[in-house]
Amino acid sequence: MDNSKNIKHLYARAGFGIRFEDLHDHENWSIKKAVRKLLKASEKQEPITVITENIDFRNHPKDQTDEEKKMVQEERNKQYKLLNNTWIKQLSETEAQLREKMTLFWHNHFACNIGNSYYEQQLNNIERENALGNFKTMLLQVSQSPAMLQFLNNQQNQKGHPNENFARELMELFTLGRGHYTEQDIKESARSFTGWAFDGKTGDYAFRPKVHDDGSKTFLGQTGNFFGEDIIDIITANKQTAIFISTKLYRYLVNDIIDDVHINQMADVLYNAKYEIKPVLEFIFHSDWFYDDRNIGNLVKSPVELLTGLNRQFYITYQNPDVLLQFQRTLGQVLFRPPNVAGWPGGKNWIDSSSLMYRMKIPSTILNAGVIDFTGKADPEDEAYLAAVRKQQLNVIKRVQAQPDWDKFFQAIPADTSKIQMAEFMLEPKLNKTVTDAINNTPDIKTAVIQIVSTPEYQLC
């Protein structure tokens with residue numbers, strides 16, 4: 001068993017890849033030691049706190065002028081850019097790789113898009129704090145967060161006028177999955193969550209007993225005067241929740257083609273650990289099947305994983321970090337702006353003919369500080385803003401203005417390293433003749449590296 005290969009695979013999945021010097025340092029580690037070190041590094045909590053003011057952009061005076069509306073919109077976009085850039089920077093620089101990788105997972109699992117950066121930052125920190133902790137604890141905190149209460153309309157869920165949106169998504173997307181509850185369960189669950197709201201001034205969760213339906217409910221075969229917390233207890237007591245979460249984790253960390261035997265083993269671990277997340281991650285990373293050839297180099301990197309991996313590997317700094325937001329738009333994954341409540345579908349959905357062209361062009365453009373034409377798809381709510389910015393010809397940052405630290409990248413790499421050895425280090429899939437021929441035809445090692453990151457194989461991890 002090639003230990004160096006396994007360590008590289010572990011860091012590709014539990015983080016965003018490994019640098020040459022770290023692989024050289026860790027290649028004689030046992031898998032248990034490597035997993036222990038990853039977990040140890042991720043004990044560090046790094047909450048994002050750059051958005052300090054909660055501005056409610058939805059509520060504005062009826063007599064607000066066009067100029068005032070424009071100023072509010074500009075402030076909203078300024079906050080959002082700051083939040084997005086801050087998280088990308090943290091993903092690219094943190095030593096707590098596993099925590100951030102799992103925060104990215106929960107960010108998509110609990111997909112939320114409300115256009116309020118203060119609440120989005122708050123939700124992101126809940127996901128980060130609990131990323132390696134307890135799923136049930138996180139589920140309750142997410143459910144009571146202003147971001148999710150607003151996004152899924154539970155503010156409007158009141159006795160006599162239930163809003164079923166949150167109750168439905170709680171089961172369909174967050175816990176049980178389709179087919180494991182009835183329409184009546186949704187109705188009874190919604191009644192239980194009446195009164196769950198938040199204080200718009202403080203951003204704190206607030207239970208409003210006057211609008212809570214305190215009648216008897218029957219949910220998943222159990223009857224009682226249930227509150228929202230009771231519904232979460234019943235849902236997590238159902239092992240289907242552990243199977244649903246384990247399936248998503250398997251597709252995120254192992255393989256897009258599911259293996260029921262391995263997923264059921266993971267679900268047993270998660271359920272028996274009372275939804276503690278760390279034990280199931282340890283189980284995955286310690287399992288021999290995780291390192292099978294069929295599970296290596298088979299996942300398509302998400303756009304954020306692609307950009308983060310480049311930033312970490314080449315120590316890239318950006319003169320204008322807004323270019324990273326344009327990359328996200330172009331590639332189809334903008335942090336804090338999932339397409340809908342189901343999140344990004346991921347996997348092979350990341351790739352189509354146009355996105356693959358950009359994916360293969362962007363790495364070499366960044367490393368050459370080159371020029372690129374951005375034609376990304378904007379979020380509908382940003383269309384008006386972007387149209388105005390385009391009119392002013394400010395939106396397209398033609399020159400990427402990225403600065404990789406080539407000296408730092410090469411300093412740990414032995415001078416006699418061949419181009420093929422470099423490719424074997426930087427690519428997860430096994431090398432094929434097309435790749436080796438293209439690399440061997442480059443004039444020097446630096447050009448070879450740029451060629452390597454421009455291959456379709458670099459899109460895989």
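Between the side chain of E282 and the backbone N or O of V35, no donor-acceptor pair lies under 3.5 Å. With N238 contributing its side chain and I235 its backbone, the two residues share no donor-acceptor pair below 3.5 Å. Using modelled atom types, no side-chain atom of R329 and backbone atom of L324 make a donor-acceptor pair closer than 3.5 Å. Using a distance-only test at 3.5 Å, with no hydrogens or angles considered, no donor-acceptor pair links the side chain of T94 to the main chain of Q97. Under the 3.5 Å distance criterion, the side-chain polar atoms of N54 are left unmatched by any main-chain donor or acceptor of Y118. With S42 contributing its side chain and L39 its backbone, the two residues share no donor-acceptor pair below 3.5 Å. Using a distance-only test at 3.5 Å, with no hydrogens or angles considered, no donor-acceptor pair links the side chain of N84 to the main chain of Y80. No donor-acceptor pair under 3.5 Å is formed between the side chain of D185 and the backbone N or O of Y181.
In this structure, R128 pairs ionically with E100, as a charged nitrogen and a carboxylate oxygen lie closer than 4.0 Å. Note on K101 versus E305: salt bridge recorded, some NZ/NE/NH1/NH2 to OD/OE distance being below 4.0 Å. Here D322 pairs with K81 in a salt bridge; the nearest charged N to carboxylate O distance falls below 4.0 Å. Salt-bridge check for E120 with R337: passed, with a basic side-chain N closer than 4.0 Å to an acidic carboxylate O. Ion pairing between K8 and E428 holds under the 4.0 Å rule for side-chain N and carboxylate O. Here K89 pairs with E93 in a salt bridge; the nearest charged N to carboxylate O distance falls below 4.0 Å. Between K274 and E276 no salt bridge is recorded (no basic side-chain N to carboxylate O distance below 4.0 Å). With respect to R168 and E172, no salt bridge is recorded, no charged nitrogen being found less than 4.0 Å from a carboxylate O.
Ring pair F314/W406: centre-to-centre distance below 6.0 Å. Between F151 and F166, the ring centre distance reaches or exceeds 6.0 Å. Taking the six-membered ring where the residue is Trp, the centroids of H107 and F336 are separated by under 6.0 Å.
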Check against side chain to side chain contact (heavy atoms under 4.5 Å, CB included), I51 and T86 = CA-CA 10 Å; I51 309 301; T86 301; over 6 Å; no

Begin with the C-alpha distance, continue with both residues' side-chain angles, and end with the deciding distance and a verdict on salt bridge (charged side-chain N to carboxylate O under 4.0 Å, His left out) for D293 and K5.
-> CA-CA 10 Å; D293 284 345; K5 173 184 163 188; 2.7 Å; yes

In sequence, state the C-alpha distance, the side-chain angles, and the governing distance for R76 and E74, and then conclude on salt bridge (charged side-chain N to carboxylate O under 4.0 Å, His left out).
-> CA-CA 5 Å; R76 170 183 172 276; E74 286 176 354; over 6 Å; no

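Annotation: cation-pi geometry not satisfied between R19 and F425 (NZ/CZ under 6.0 angstrom from ring centroid, within 45° of ring axis).
Using cut-offs of 30° and 60° on the angle between ring planes, the pair H9 and F290 is tilted. In this structure, F174 and F110 have perpendicular ring planes: the angle between them is above 60°, well past the 30° mark. Relative ring orientation between H109 and F105 is described as parallel, the plane-to-plane angle staying below 30° on a 0-90° scale split at 30° and 60°.
Pairing each heavy atom of W350 with each of S355, the nearest pair is O-OG, 3.1 Å. Nearest heavy atom pair, residue S454 against residue M360, reads O-CE, 3.3 Å. Scanning both residues, I257 and N255, for their nearest heavy atoms gives N-OD1, 2.9 Å. T417 and M422 get closest at one heavy-atom pair: CG2-N, 4.1 Å. In plain terms, the two heavy atoms of S302 and R359 that are nearest each other are C-NH2, 3.7 Å. Across all their heavy atoms, R294 and H262 have their closest contact at NH2-CE1, 3.6 Å.
Under the side-chain contact (heavy atoms from CB on, under 4.5 Å) criterion, T447 pairs with T442, P443, D444, not counting sequence neighbours.
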Could you pull out every donor-acceptor pair under 3.5 Å between side chains of residues 22-31 and any protein atom, sequence neighbours left out?
| residue | atom | partner | partner atom | Å |
| --- | --- | --- | --- | --- |
| H26 | ND1 | D22 | O | 3.2 |
| S30 | OG | K33 | N | 3.1 |

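Rounding to the nearest 0.5 Å gives a distance of 11.5 Å between OG of S246 and CG of D260.
With no hydrogens or angles considered, no side-chain donor-acceptor pair links Y318 and N85 at under 3.5 Å. Side chains of E457 and N432: a donor-acceptor N/O pair is present below 3.5 angstrom, by distance only. In the model, N165 has no side-chain atom that pairs as donor or acceptor with a side-chain atom of N154 under 3.5 Å.
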